Number of protein chains: 2
Amino acid sequence: MKARVFVTLKSGVLDPQGKAIGHALQGLGFDGVGEVRQGKVIDLELAETDAAKARAAVRQMCEQLLANTVIEKYEIELKS
Amino acid sequence: MKARVFVTLKSGVLDPQGKAIGHALQGLGFDGVGEVRQGKVIDLELAETDAAKARAAVRQMCEQLLANTVIEKYEIELKS
């Protein structure tokens, strides 16, 4: 089973990297670009085949290592 | 319209950051974790309302700025 984890800054947390991308896009002539936020995506290959157990394990990984839950939120997507 | 862009290393390109995450997860006692790859996710707010035009614009952004197409590939997801 494969899992994809998105780790993004919570709304309200300043994202200078996203801002820099937004400015660079404007500089390249891309108009109509509003807020830009950057985050991380982590693709995991799991031996677990049960979706519920896999999700629980990945949630634990996020809490313990992948995300800094003070300022970041995470989303988990599973693909069998 | 909102767009989410995933920028990940092409398969075959060494991903030391992903490897480090994999080792850290093993160290924390998470067994059954295979390959780990890390990438970037970029969330954009676009003024464009036409999906085809928005996708074309975001593709251009990826080619020009967001992805290094020599070693990275990108996926575009649109949400109205």
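We use all heavy atoms of the structure for the numbers below, so side chains are in, but hydrogens, waters and symmetry mates are not. Labels below follow one simple rule: chain letters A, B, ... track the order of the sequence lines, proteins then strands, and each chain is numbered from 1. The model shown is predicted, which means the values in this text are computed figures rather than measured ones.
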Exercise. Can B:R4 and A:E75 be counted as an ion pair, charged N to O under 4.0 angstrom?
Worked result: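 Yes, this pair counts.
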
For this session: Evaluate side chain to side chain contact (heavy atoms under 4.5 Å, CB included) for A:D43 paired with B:V36, printing each intermediate quantity in order.
Result: CA-CA 6 Å; A:D43 289 311; B:V36 181; over 6 Å; no

Using the rule that Ile, Leu, Val, Met, Phe, Trp and Tyr join whenever any side-chain heavy atoms are under 4.5 Å apart, tell me whether [X] and [Y] fall into a single cluster.
X: B:L9; Y: B:I21; value: no
X: B:I42; Y: A:F6; value: no
X: B:V7; Y: B:L78; value: yes
X: B:L46; Y: A:L28; value: yes

Exercise. How far does CG of B:L44 sit from CD of A:Q38, to the nearest 0.5 angstrom?
Worked result: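 Between atom CG of B:L44 and atom CD of A:Q38 there are 10.5 Å.
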
In a table with atom names and distances, give each donor-acceptor pair under 3.5 Å that connects a side chain of residues 59-70 of chain B to protein atoms at least two apart or in another chain.
residue, atom, partner, partner atom, Å
B:E63, OE2, B:Y74, OH, 2.5
B:N68, OD1, B:V70, N, 3.2

Exercise. Crowded around B:Q17 CD? As in, over 12 foreign heavy atoms under 6.0 Å?
Worked result: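 Counting other residues, nucleotides and ligands, CD of B:Q17 stays at 12 neighbours or fewer.
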
Exercise. Which of residues 48-58 of chain B get closer than 4.5 angstrom to chain A, counting heavy atoms alone?
Worked result: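 Only B:A57 of residues 48-58 of chain B have a heavy atom under 4.5 Å from chain A.
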
